[in-house]
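Just below is one structure, and these are the notes that go with it.
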Amino acid sequence: MKEKITGAEALMRSLEAEGVDVLFGYPGGAIMPTYDALYDHRETLHHILVRHEQGAAHAAQGYARVSGRVGVVLATSGPGAMNTLTGIADAMIDSTPMVVICGQVGTAMLGTDAFQEVDLITVTQPITKWAYQIRRAEDVAWAVSRAFYIARSGRPGPVVLDFAKNAQTGLVDFEPAQVDFIRSYRPVPVPTDENIQEAADLINQAERPLVLVGQGVELGDAREELRLFLERGGLPAGCTLLGLSALPSDHPLNMGMLGMHGNLGPNVMTNQCDLLIAVGMRFDDRVTGNLDTYARQAKVIHFDIDPSEINKNVQADVAVVGDCKQTLARVTRLMKEVRHEAWVESFAPYREQETEKVIEPAIHPTEGPLLMGEVVHSVSEATQHRAVLVTDVGQNQMFGCRYFKFTEGRSVITSGGCGTMGFGLPAAIGATFGSPDRTVCLFVGDGGLQMTIQELGTIMEQKAPVKIILMNNNFLGNVRQWQYMFFDKRYSFTPMLNPDYERICAAYDIPSRTVVKREELDEAIREMLATDGPYLLQCAVKEEDNVLPMTPPGANVDEMMLTING
């Protein structure tokens, strides 16, 4: 005879069947039966009580991005559920596997404007892979298994389960479910032999090939396949913001970061190559610049698991639709061993020019206030480039991703497509649970930190060992830079009056230190890294520092400014 249990208990057992061990959440009325069931599963399901539901969603993202597992969020109905929406949308555009389980009023009250009732399914359908309302306890096991299958398979993304209160309290003869096939859902398309051969032929014929490496390589665990692909074909590569750690920073074929604030060489050469090979990236506008002039001279091969990305922004001559772990290997077997030495070497003058005019002054200044670039560079050096980089959004993000270096995969956690300020602090908390053996370094600005500063309470309670590097310039720095460049230096509501962050940290029992002088920086970084648990290092950086190079909005991808005046 099967055991009768509540729907809430069925959820707990279903989560355990999926291998979940960490959840991020915040209780409330409509999800209370679930939290009551969770009380008896505290040994197997480690619940992290955040201080705001948005923090739960971003923490689940950080956990998922660094671990490759599905992040899980628990929230109540109405405002609790709505507070997760920013994280859900962020996870959707950045392809992060996440299951968000929210309480809902009982089915008898649906549509009555009951207390804390919101039509969560209608709200979240545009920003999820799947959104489903569980109305019966009998549907819990199936819905949870299906949710995890959809979230983690194919191109990953968020799933929402709207859990009616009567479904939580109702009784069910529980039996675990295992969903691994959905008739209408084809998560991994199979490429044709013809497309594989066409891609190999174009690569073999190319004289000036350039590979654009996206996060799809990380999501597909295809870092080794990418390396073999590049080395066999002698293919230089640039990496997108989210794809930066898919290829070691010091690999000889790694030409640097693509995009508006990327490196000069790969951006300029995009409009000089004769073959553009995109792997697991979506041709975001911050990478392409003006589409009318983007790589018009080149043939295009697009590797992607999501057919909807093919020809969405850039027309592909050959589309290789499938899991890049398999497709890269198949194409590599058909490729000739080539070096393209002259072509690879042609990137060097651009690297030298950028190093002289931008990089060296940013990371090795000799006078003046601290610069963000030197702070990032110094922390990266002190961690032997092995740490996990988490950033918030703004100048701290661009400086962080430009000057932090990587030796391991799954090392970049940043909000790419949404550009969500406030992402960094909770995402870094999640990362410490997703990869507890690695050092997690968060670079954050004074604006972004204050958006989710309440999560210092989560750090205090969990003793999450986040190393917070606050780059304080008393400005909303990225907006200020645009105001400086494009709005006649009219700093409309971008100066920030900041609190005493050391006193705030003291209230949360988090060690902290402020660095103003350059000669104190390295010793302060050593102290931060040597401290067990969390630490906040506040760096008083130059107020009007600017991120360069920069492709102005609407400009061609190769029209990068190395100085603020052009």
Please examine the side chains of L110 and V105, heavy atoms only from C-beta on, and report whether any two atoms are closer than 4.5 Å.
yes
Does the ring center of W130 lie less than 6.0 Å from the ring center of Y149?
no
Kindly determine whether F433 and H46 satisfy side-chain contact (heavy atoms from CB on, under 4.5 Å), including the steps that lead there.
CA-CA 10 Å; F433 288 97; H46 184 191; 3.7 Å; yes
Using a distance-only test with no angle check, is there a side-chain donor-acceptor pair under 3.5 angstrom linking T107 and R135?
no
Take atom OH in Y185; do more than 12 heavy atoms of anything else shown fall under 6.0 Å from it?
yes
Over all heavy atoms of both residues, which pair between A30 and S77 is shortest? Give the atoms and the distance, please.
CB-OG, 3.3 Å
Within the 4.5 Å heavy-atom criterion, are Q462 and T432 side-chain neighbours or not?
no
Do the side chain of D36 and the main chain of M32 share a donor and acceptor less than 3.5 angstrom apart?
no
Any side-chain heavy atom of L291 within less than 4.5 Å of one from V314?
yes
Would you say R438 and S411 are linked by a side-chain donor-acceptor pair, where the criterion is simply a distance under 3.5 Å?
yes
Is there a donor-acceptor contact under 3.5 Å from the side chain of K129 to the main chain of G157?
no
Would L247 and F406 count as a side-chain contact (heavy atoms from CB on, under 4.5 Å) here? Give the steps.
CA-CA 8 Å; L247 187 65; F406 308 99; over 6 Å; no
Please determine, by modelled atom types, if D306 and S308 share a side-chain donor-acceptor pair under 3.5 angstrom.
yes
Under 4.5 Å between any side-chain heavy atoms of V20 and V99, yes or no?
no
Residue pair T240 / D284, side-chain heavy-atom distance below 4.5 Å
no
In this structure, CG of L212 is separated from CD1 of I277 (nearest 0.5 Å) by 8.5 Å
Donor + acceptor pair across side chains of E455, T458 (<3.5 Å)
yes
Can you give me the closest heavy-atom contact between P266 and T270, atom names plus distance?
O-OG1, 2.7 Å
What is the minimum heavy-atom distance between V279 and C324, and which atoms define it?
CG1-CB, 4.3 Å
So, does S145 use its side chain to make a donor-acceptor pair with the main chain of V179 at under 3.5 Å?
yes
Would you say that E218 contacts R223 through its side chain, given a criterion of any heavy-atom pair below 4.5 Å between the two side chains?
yes
Is it true that atom CE of M335 has more than 12 heavy atoms of other residues, nucleotides or ligands lying nearer than 6.0 Å?
yes
Keeping N166 on the side-chain end and G106 on the backbone end, is there a donor-acceptor pair under 3.5 Å?
no
Donor-acceptor pair, K336 side chain versus N204 backbone, under 3.5 Å?
no
Measure the CG-OG1 distance between L219 and T96 for me, rounded to the nearest 0.5 Å.
7.5 Å
Main chain of Y26, side chain of Y35: is a donor-acceptor contact present, judged purely on distance under 3.5 Å?
yes
Quick one: are V72 and E18 in side-chain contact, heavy atoms under 4.5 Å?
no
Output for pair (T124 OG1, D119 CG), nearest 0.5 Å, gives 8.5 Å
More than 12 foreign heavy atoms under 6.0 Å from CD of Q125: is that the case here?
yes
With rounding to the nearest 0.5 Å, note down the distance linking CG in L275 to CD in Q297.
10.5 Å
For E225 and T332, which I'm curious about, is there any donor-acceptor pair between the side chains at under 3.5 Å?
no
Short side-chain donor-acceptor distance under 3.5 Å, H251 and E231:
yes
Check the surroundings of atom CZ in R69: do more than 12 heavy atoms from other residues, nucleotides or ligands lie under 6.0 Å from it?
yes
Charged N-O contact under 4.0 Å between E16 and R13
no
Ignoring hydrogens and angles, state whether a donor on the side chain of Q54 or T86 is under 3.5 Å from an acceptor on the partner side chain.
no
Stepwise side-chain contact (heavy atoms from CB on, under 4.5 Å) check, V140 with V172:
CA-CA 9 Å; V140 171; V172 60; over 6 Å; no
Nearest atoms (heavy-atom pairs only) where T34 meets L11
CG2-CD2, 3.7 Å
Distance-minimising heavy-atom pair for A108 and T112:
O-CG2, 4.5 Å
Donor-acceptor under 3.5 Å (S67 side chain, G434 main chain):
no
Report yes if the side chains of Q61 and F423 come closer than 4.5 Å at any heavy-atom pair, otherwise no.
yes
Output, in order, the C-alpha distance, side-chain angles, deciding distance and verdict of salt bridge (Lys or Arg N to Asp or Glu O under 4.0 Å) for D193 and R330.
CA-CA 9 Å; D193 291 340; R330 288 182 62 185; 2.5 Å; yes
Exam field: side chain D317 to backbone V300, donor-acceptor pair closer than 3.5 Å
yes
What's the spacing between N254 CG and R227 CZ if we round to 0.5 Å?
13.5 Å
Could you go through the side-chain contact (heavy atoms from CB on, under 4.5 Å) check for T452 and H52 one step at a time?
CA-CA 8 Å; T452 49; H52 190 282; over 6 Å; no
Can any side-chain N or O of T84 pair as donor or acceptor with the backbone N or O of G80 at less than 3.5 Å?
no
Nearest heavy-atom pair of P307 and V321: which atoms, and what distance?
CG-CG1, 3.8 Å
Drop me the distance from L45's CG to D21's CG, to the nearest 0.5 angstrom.
8.0 Å
Give a yes or no answer on whether the side chain of R155 reaches the backbone of P187 with a donor-acceptor pair at less than 3.5 Å.
no
